[in-house]
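See below for the structure under consideration.
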Amino acid sequence: MSHAIVSLRQVSKGFNDGDKYHQVLTGINLSINPADTVALTGPSGSGKSTLLNIIGGFEFIKQGQLLLNGSDTSNWQDKQWSQFRRQHLGVVFQQFNLLTPLNVRDNIAFSLRLNQQNWSPWCDYLLSQLGLDEVKNRNVETLSGGQQQRVAIARALAHKPSLLLADEPTGNLDEKAGQQVMSLLTQLAQESQTSILMVTHSNECAAFMQRRWHLEQGLIHE
Ligand SMILES: Nc1ncnc2c1ncn2[C@@H]1O[C@H](COP(=O)(O)OP(=O)(O)OP(=O)(O)O)[C@@H](O)[C@H]1O
């Protein structure tokens, strides 16, 4: 039986803010199915990054249920979370978060080793599709912003994850580089059957996704 990759049931989340409690998410229900691509929009502070962090296991919930690949995560320990991340999760952020002393190829190879995987023909294909073949031996520090974000995408997709979480992946790029990155990201995610949940403030970027969710006042509106 095939499961949704992500299901949230009645998930609420808030934070202590001094002596007050600030409620951010109020009973969220959602599902992301295999190969779905979703843009998550909403006002600043509405909880978009919080939602991504919950799904990636970087923030935890006390109310509601998060299922990943059909498994209830409420009793998951560090071991299960790292196994899920290694096998199934890729992440791309606004800040490229590359390892700056390393070259392009070693950035991707290092991440693959952490995921206990080896370089494969798919990795060579990613480099060529992302226009990184000619710069693969260059230190990532010497690359343009658009090139660095393409390295971050290659790294995130190198192990063919079932889910890619992207937080403003084009936020640091100019419009042309941003469109190019979006187009490559969606094409390659489709080829690796990777679902995407992407936070964005840009209508142009949101238009690359099949679905659009708007988060406001703690709830998702589709
Ligand atoms: N670890 C934390 N501790 C306390 N408050 C937090 C924490 N993380 C997020 N918040 C608060 O939760 C709210 C939602 O933050 P979040 O970063 O998820 O919003 P966002 O929609 O991603 O915003 P933006 O579009 O500006 O990036 C904000 O009020 C923020 O201050």
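Every number for a ligand or one of its atoms is a count from 1 in the order of the listing. Predicted model, so just to flag it, every value in this text is computed and none were measured.
- Closest to atom 23 (O) of ligand 1, if we only count protein heavy atoms, is Gly45 N, 2.9 Å.
- Closest to atom 17 (O) of ligand 1, if we only count protein heavy atoms, is Ser49 CB, 3.8 Å.
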Donor-acceptor contacts, no H, no angles, side chain residues 9-20, under 3.5 Å, sequence neighbours left out:
from: Arg9; atom 1: NH1; to: Gln65; atom 2: OE1; distance (Å): 3.4
from: Ser12; atom 1: OG; to: Gly27; atom 2: N; distance (Å): 2.9
from: Lys13; atom 1: NZ; to: Phe60; atom 2: O; distance (Å): 2.6

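- Proximity to His22 (heavy-atom distance under 4.0 Å) selects the following atoms of ligand 1: 29 (O).
- Panel note: side chain Thr73, backbone Trp76; no donor-acceptor pair is recorded below 3.5 Å.
- How far CD1 of Ile55 is from CZ of Phe84: 9.0 Å, rounded to the nearest 0.5 Å.
- There is a protein heavy atom less than 4.0 angstrom from atom 29 (O) of ligand 1.
- Interface atoms of ligand 1 facing His201, defined by a heavy-atom separation under 4.0 Å, are 25 (O).
- Judged by the shortest distance from any of its heavy atoms, Glu168 lies outside the 4.0 Å radius around the atoms of ligand 1.
- Pro161 pairs with exactly one of Ile5, Leu89, Thr194 by the side-chain contact (heavy atoms from CB on, under 4.5 Å) rule, that one being Thr194.
- Summarising the local packing, CD of Gln190 is surrounded by 12 or fewer heavy atoms from other residues, nucleotides or ligands at distances under 6.0 Å.
- Among protein heavy atoms, the minimum distance from atom 9 (C) of ligand 1 is reached at Phe15 CE1, 3.4 Å.
- In summary, the atoms of ligand 1 found under 4.0 Å from a heavy atom of Lys48, numbered by their order in the structure, are 18 (O), 19 (O), 20 (P), 21 (O), 22 (O), 23 (O), 24 (P), 25 (O).
- Looking only at heavy atoms of the protein, atom 18 (O) of ligand 1 is closest to Thr50 OG1, 2.6 Å.
- When atom types are taken as modelled, the side chain of Gln149 and the backbone of Thr170 share no donor-acceptor pair closer than 3.5 angstrom.
- Not a single N or O atom of Asn16, backbone or side chain, sits closer than 3.5 Å to an N or O atom of ligand 1.
- Counting only heavy atoms, the protein gets under 4.0 Å from atom 4 (C) of ligand 1.
- When atom types are taken as modelled, the side chain of Lys48 and the backbone of Pro43 share a donor-acceptor pair closer than 3.5 angstrom.
- In terms of modelled atom types and a separation under 3.5 Å, the side chain of Asn172 and the main chain of Gln94 share a donor-acceptor contact.
- Nearest protein neighbour of atom 26 (O) of ligand 1, counting heavy atoms only, is Ser44 OG, 2.6 Å.
- In this structure, Pro43 counts as a contact residue of ligand 1, since one of its heavy atoms falls inside 4.0 Å of the ligand.
- Residues Arg211 and Glu222 are paired through a salt bridge, judged by an N-O separation under 4.0 Å between the basic side chain and the carboxylate.
- Close approach of ligand 1 to Ser46 is summarised as follows: ligand atoms under 4.0 Å from at least one heavy atom of the residue are 19 (O), 21 (O).
- Among the atoms of Val24, none of the N or O lies under 3.5 angstrom from an N or O of ligand 1.
- Proximity of Gly47 to ligand 1 is established by a heavy-atom distance of less than 4.0 Å.
- At distances below 3.5 Å, not a single donor-acceptor pair connects side-chain atoms of Asp106 with backbone N or O atoms of Leu102.
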